[in-house]
Amino acid sequence: MAYASERERLAVPATEAARHLLGAVLTHDVDGERVSVRITEVEAYMGDVDPGSHAFRGQTARNATMFGPAGHLYVYLTYGMHYCANVVCGTEGFATGLLLRAGEVVEGAEAAALRRGNPRTHLDLARGPARLAQALGIARPLDGADVFADPLRLTLPDEPVPDELVSTGPRVGVSGPGGTDEYPWRYWLTGDPTVSKYRPAVPRRRPAAAAPAGNPQNA
DNA sequence: GCTTCGATCTTCT
DNA sequence: GAAGATCGAAGCG
């Protein structure tokens, strides 16, 4: 079936697979409640050569899925409260993947809005990696799931998106090497209204000094 | 409208 | 013990 060849289209470097994934539709079926998202923005992570990747320091229990075969979902919790989802690409063992950064809900918008709580507009339903995951109902138990098998279903476009419709740029939220335009590994559909706004990576400020000089408590 | 900050907890050093 | 592939609300102009 088409499934085998669709998986093969992801078994290439993430920078290439990105053009297959843009415009693709990811569906998640939870108890008959289906939400589908058309992917409009992705970010490539290139395994152990990529300082911005979770896999940079080698395989751990958390990122094991990234080291597996293409076409599986790597789901992780970030900042203690948000889930993000990657589609694993490339060759097994090389830990490359594409972070789903943004998309447009094309099916099940009501269910997605319910999960999201308080979206301002339809476009906000899946704009941003954590929002997209939440709209689709993706959480940790889906880590390692096959995107071509229940309860997920990824449908790639018949043909890769033409280059002229794809923009590239620096990655978002990645600090240090790998976050600059030295690695333009963020891809989006040019002009798509659901693409998340670019925010430069800034290290969070440390909490105010734990022991301020003038504090009497600090002896 | 844009900028800044707090929430919250897992994972790795 | 510290940082992190984020989001949303509050504050300010």
Side-chain angles (χ1 to χ4, degrees), chain A residues 14-15 17-18 21-22 26 37 39-67 72-90 94-103 105 112-144 168-188 193-211:
Chain A
T15 47
L21 207 52
L22 287 174
L26 181 60
V37 167
I39 297 165
T40 59
E41 182 185 5
V42 298
E43 233 168 56
Y45 285 88
M46 303 293 280
D48 58 3
V49 300
D50 177 2
S53 171
H54 286 172
F56 182 57
R57 289 189 171 83
Q59 184 170 349
T60 65
R62 175 218 223 172
N63 64 26
T65 300
M66 287 261 283
F67 287 80
H72 290 255
L73 211 58
Y74 167 44
V75 182
Y76 66 93
L77 183 66
T78 189
Y79 290 93
M81 59 193 104
H82 299 301
Y83 289 105
C84 296
N86 294 240
V87 174
V88 178
C89 329
F94 283 91
T96 68
L98 287 165
L99 169 69
L100 307 182
R101 278 208 68 84
V105 175
L114 214 59
R115 289 174 184 150
R116 289 272 294 101
N118 191 25
R120 294 209 173 139
T121 70
H122 178 79
L123 296 180
D124 268 338
L125 282 174
R127 179 163 60 186
R131 292 166 169 174
L132 185 150
Q134 189 177 25
L136 275 173
I138 290 174
R140 197 60 169 285
L142 274 178
D143 181 44
T168 68
R171 292 187 296 191
V172 178
V174 179
S175 51
T180 68
D181 53 14
E182 129 185 50
Y183 298 106
W185 286 341
R186 173 171 167 253
Y187 302 83
W188 67 94
T194 61
V195 170
S196 55
K197 188 182 174 187
Y198 174 68
R199 264 165 69 189
V202 281
R204 285 193 305 161
R205 276 173 52 182
R206 286 189 206 160

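Lettering of chains follows the sequences in order, A, B, ..., and the numbering in each one begins at 1.
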Indicate yes or no for a side-chain donor-acceptor contact from A:Asn86 to the backbone of A:Val88 under 3.5 Å, with no hydrogens or angles considered.
no
Run the salt bridge (charged side-chain N to carboxylate O under 4.0 Å, His left out) test on A:Arg101 and A:Glu43 for me, step by step, so that the C-alpha distance in whole Å, both residues' side-chain angles and the decisive distance to 0.1 Å come before the verdict.
CA-CA 7 Å; A:Arg101 278 208 68 84; A:Glu43 233 168 56; 3.5 Å; yes
Separation of C:dA9 atom P from A:Asp124 atom CG, nearest Å, is 11 Å
Looking at the side chain of A:Tyr74, which of C:dA5, C:dG8, C:dT6 is the nearest nucleotide?
C:dA5
Select base, sugar-phosphate, or nothing to describe what A:Leu77 touches, counting heavy atoms under 4.0 Å on all strands.
sugar-phosphate
Quick check: does any side chain N or O of A:Arg171 sit under 3.5 Å from a backbone N or O of A:Ala44, one acting as donor and the other as acceptor?
yes
Which nucleotide in the set B:dT10, C:dA9, B:dC12 lies at the smallest distance from any side-chain heavy atom of A:Arg120?
C:dA9
Report the residue (A:Ala61 or A:Gly80) whose heavy-atom-nearest nucleotide on DNA chain B is the more 5′ of the two.
A:Gly80
In Å and rounded to the nearest 0.5 Å, what is the OG1 to CH2 distance from A:Thr40 to A:Trp188?
11.5 Å
Once rounded to the nearest 0.5 Å, what's the spacing between atom CG of A:Asn63 and atom OH of A:Tyr76?
11.5 Å
Within this structure, what is the OH-to-P distance between A:Tyr79 and B:dT10, rounded to whole angstrom?
16 Å
Euclidean distance, atom CZ of residue A:Arg127 to atom P of C:dG8 [Å, nearest integer]:
11 Å
Taking the minimum atom-to-atom distance to the side chain of A:Asn118, which one of B:dT10, C:dT6, C:dA9 wins?
C:dA9
Got a minute to check which stems DNA chain C is part of, using Watson-Crick or G-U wobble pairs under 3.5 Å, three or more consecutive?
B:1-7 with C:6-12, B:9-12 with C:1-4
Check whether A:Thr96 reaches the backbone of A:Cys89 with its side chain - one donor and one acceptor, N or O, closer than 3.5 Å.
yes
Rounded interatomic separation in angstrom, taking CD from A:Gln59 and P from B:dT11
15 Å
Starting from P on B:dT10, measure out to CE on A:Met81 and report it in whole angstrom.
11 Å
Tell me which nucleotide among B:dT10, C:dC7, C:dG8 gets nearest to the side chain of A:Arg116.
C:dG8
Can you check the A:His54 NE2 to C:dA3 C1' distance for me, whole Å?
11 Å
Whole Å only: how far is the CZ atom of A:Arg62 from the P atom of C:dA3?
16 Å
So, OP1 or OP2 of B:dC12: does either fall under 4.0 Å of a side-chain N or O from A:Thr60?
yes
A:Tyr76 on top of C:dA5's base, within under 5.5 Å and under 30°?
no
How many Å lie between CZ on A:Arg57 and C1' on C:dA5, as a whole number?
14 Å
Roughly how far, to the nearest 0.5 Å, is the CG atom of A:Asp48 from the CD atom of A:Gln59?
11.0 Å
